[in-house]
Amino acid sequence: MKTTCNVIQDLLPLYCDDACSAESRRLVEEHLKECDDCRETYQLMQAALPASAAHTQQQATAQAAQAWKKQGSTSFFKGCLVVLASVILLFLGIALQHWCTTAPLVCSHLAKNAEAYFEAQGRALSFSYEADHVRGGYMASLLYDYNSQTYYIGLFERDSLFHSRWRCCGGVVGFEAGQMTSYNYSDPEGNAILIFAGVMLPKEAKWYTFTNGGIVYTCPIEGEGFADLFVIAGGRGDINGYPTLLDENMQPIA
């Protein structure tokens, strides 16, 4: 009986897990009908099975939660890296666009930048840089085109990102030596931008005058070629101002 009980108790774990052969199952069931000790052992094993299964389930749930938490943290970190990389790439793209469309305060570079602006208007030009005048965020430039042998006015604005660089944003198509002309522009802030330029004017011309917003401005003529810039705050309503040449006595030149 003892030997039989030992054999049966060895088979009980397989019997409980339904992993034994049909012959072993029949042997165990017949023995359990007759042996109180083995039947008690079997009942104890059966009672322990739900608790063991629940513990196993809890372990699996805890492991799954831990894995999800780890994966979630990794995904969040990767997401932050993707957002950061996108922001950096966006900033670099904007910076590159600003850099490539502007020029440093160097005559040859400014001339090339002005060529690009006027070529976008359908004009093939080859500029030399003659003179300039800076006021705040704007610069007026006098340019000479070798192709047409005429002069141009170029308006440059200071770049908002690289403050030492400039971008041509407007201007006047060619005028000849001996003439004086103007370029008027209203910026987004409502300021009136006026540029007056002349090259090789008559010797008797010493001054020029213009009127803007009911105010008369009189300025000296200095040098053979010049480009004077005026930034009049709040002058959006009146950006007019055509120059009149004056002699040394402030009299208009016919």
Side-chain angles (χ1 to χ4, degrees), residues 63-148 151-174 182-197 227-239 241:
Q63 290 174 351
Q66 186 176 6
W68 181 87
K69 184 177 180 181
K70 183 177 180 181
Q71 183 178 6
S73 300
T74 303
S75 299
F76 177 76
F77 180 70
K78 288 181 179 178
C80 290
L81 287 180
V82 169
V83 171
L84 180 61
S86 300
V87 171
I88 292 174
L89 287 175
L90 177 62
F91 175 78
L92 289 177
I94 293 173
L96 182 62
Q97 191 270 340
H98 277 253
W99 186 270
C100 292
T101 58
T102 57
L105 198 58
V106 177
C107 293
S108 59
H109 292 233
L110 293 170
K112 291 294 182 184
N113 190 268
E115 287 174 9
Y117 170 81
F118 284 104
E119 284 174 7
Q121 317 301 318
R123 297 178 179 275
L125 306 170
S126 179
F127 282 142
S128 67
Y129 199 87
E130 302 296 319
D132 59 43
H133 187 187
V134 177
R135 284 186 184 274
Y138 293 99
M139 177 170 59
S141 301
L142 179 64
L143 304 160
Y144 178 73
D145 175 36
Y146 290 106
N147 294 340
S148 63
Y151 292 87
Y152 281 64
I153 290 177
L155 173 63
F156 288 79
E157 61 182 356
R158 192 186 300 273
D159 186 66
S160 58
L161 188 58
F162 301 103
H163 292 174
S164 62
R165 297 178 69 84
W166 298 82
R167 177 185 298 103
C168 186
C169 60
V172 169
V173 175
S182 63
Y183 174 75
N184 307 326
Y185 165 74
S186 178
D187 72 5
E189 284 72 38
N191 302 312
I193 312 299
L194 288 80
I195 302 174
F196 300 95
D228 289 342
L229 171 64
F230 298 85
V231 180
I232 302 175
R236 174 174 290 179
D238 185 1
I239 61 170

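Quick caveat, the model's predicted, so the values are computed rather than measured.
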Which atom of S141 lies closest to which atom of Y129, heavy atoms considered: OG-OH, 2.6 Å
Greater than 12 external heavy atoms within 6.0 Å of F91's CZ: no
Whether R167 side chain and D159 backbone form a donor-acceptor pair below 3.5 Å: no
Pairwise side-chain contact, V173 with Y152, heavy-atom cut-off 4.5 Å (strictly under): yes
Least distance between heavy atoms, S160 atom then H98 atom: OG-CE1, 3.4 Å
Pairwise distance CD1(I94) to CG(L89) - rounded to 0.5 angstrom: 11.5 Å
Close side-chain approach of D187 and Y138, heavy atoms under 4.5 Å: yes
Spacing of S186 atom OG and I232 atom CD1 [to the nearest 0.5 Å]: 11.0 Å
Least distance between heavy atoms, R165 atom then P104 atom: NH1-CD, 3.7 Å
Nearest non-hydrogen partners of L143 and A114, listed with the distance: CD1-CB, 3.6 Å
Inter-residue atom distance D228.CG - L194.CG, 0.5 Å rounding: 11.5 Å
Listed partners of E130 passing side chain to side chain contact (heavy atoms under 4.5 Å, CB included), at least two apart: S128, L142, Y144, Y151
Under 3.5 Å: donor-acceptor pair, side chain of D132, backbone of A227: no
Exam field: side chain N147 to backbone A124, donor-acceptor pair closer than 3.5 Å: yes
Distance, nearest 0.5 Å, that separates CD of E157 from CD1 of I193: 10.0 Å
Note, T102 side chain near W166 side chain (heavy atom, < 4.5 Å): no
From L105 atom CG to M139 atom CE, the distance as rounded to the nearest 0.5 Å: 5.5 Å
Euclidean distance, L229 CG relative to I153 CD1, rounded to 0.5 Å: 10.5 Å
Flag if over 12 foreign heavy atoms under 6.0 Å of CZ, R123: no
Which atom of L161 lies closest to which atom of A95, heavy atoms considered: CD2-CA, 3.7 Å
